[in-house]
A.B. asks: 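What follows is a single structure, and I will ask about it in a moment.
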Amino acid sequence: MDHRARIRDRVRGCLLGGALGDALGGPVEFLSLEQIRRGFPSGVDMDDPGLITDDTQMTLFTADGLIRSA
């Protein structure tokens with residue numbers, strides 16, 4: 001695997017990890033710790049898998065802009 005392919009794989013991994021974290025954290029993003037503990041006594045789960053927020057969308061738009069400007 002060449003250097004560019006390794007970098008591309010790392011960037012994809014970072015974007016995917018960010019999107020997954022965003023989807024998991026979205027439901028509790030603006031809640032206090034007390035509200036999270038009350039609302040999710042067994043922990044945060046993925047009741048609505050695949051839902052992302054505007055944070056992921058803006059990250060992907062930024063990455064797209066960087067690619068197009070190169």
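Note that the structure is predicted; figures quoted are calculated from it, not measured.
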A.B. asks: Is it true that, when you exclude Arg6 itself, more than 12 heavy atoms of the residues, nucleotides or ligands shown sit nearer than 6.0 Å to its CZ?
C.D. replies: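 Count over threshold, so yes.
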A.B. asks: State whether the side chain of Asp22 and the backbone N or O of Ile52 hold a donor-acceptor pair below 3.5 Å, judged by distance alone.
C.D. replies: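 No, the answer is negative, given that no donor and acceptor are paired below the 3.5 Å cut-off.
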A.B. asks: Would you say Asp64 and Leu60 make side-chain contact, with heavy atoms under 4.5 Å?
C.D. replies: no
A.B. asks: For Glu29, look at atom CD and say whether over 12 heavy atoms of other residues, nucleotides or ligands are found less than 6.0 Å away.
C.D. replies: yes
A.B. asks: Just verifying a value: how many Å separate Ile7 CD1 and His3 NE2, rounded to the nearest 0.5 Å?
C.D. replies: 3.0 Å
A.B. asks: Between Leu15 and Arg12, does the side-chain contact (heavy atoms from CB on, under 4.5 Å) criterion hold? Intermediate values first, please.
C.D. replies: CA-CA 5 Å; Leu15 293 172; Arg12 283 182 182 155; 5.8 Å; no
A.B. asks: Report the distance from atom CG of Asp2 to atom CZ of Arg8, rounding to the nearest 0.5 Å.
C.D. replies: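 Separation between the atoms: 7.0 Å.
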A.B. asks: Is Leu24 reachable from Leu20 through a run of I, L, V, M, F, W or Y residues, each pair having side-chain heavy atoms under 4.5 Å apart?
C.D. replies: no
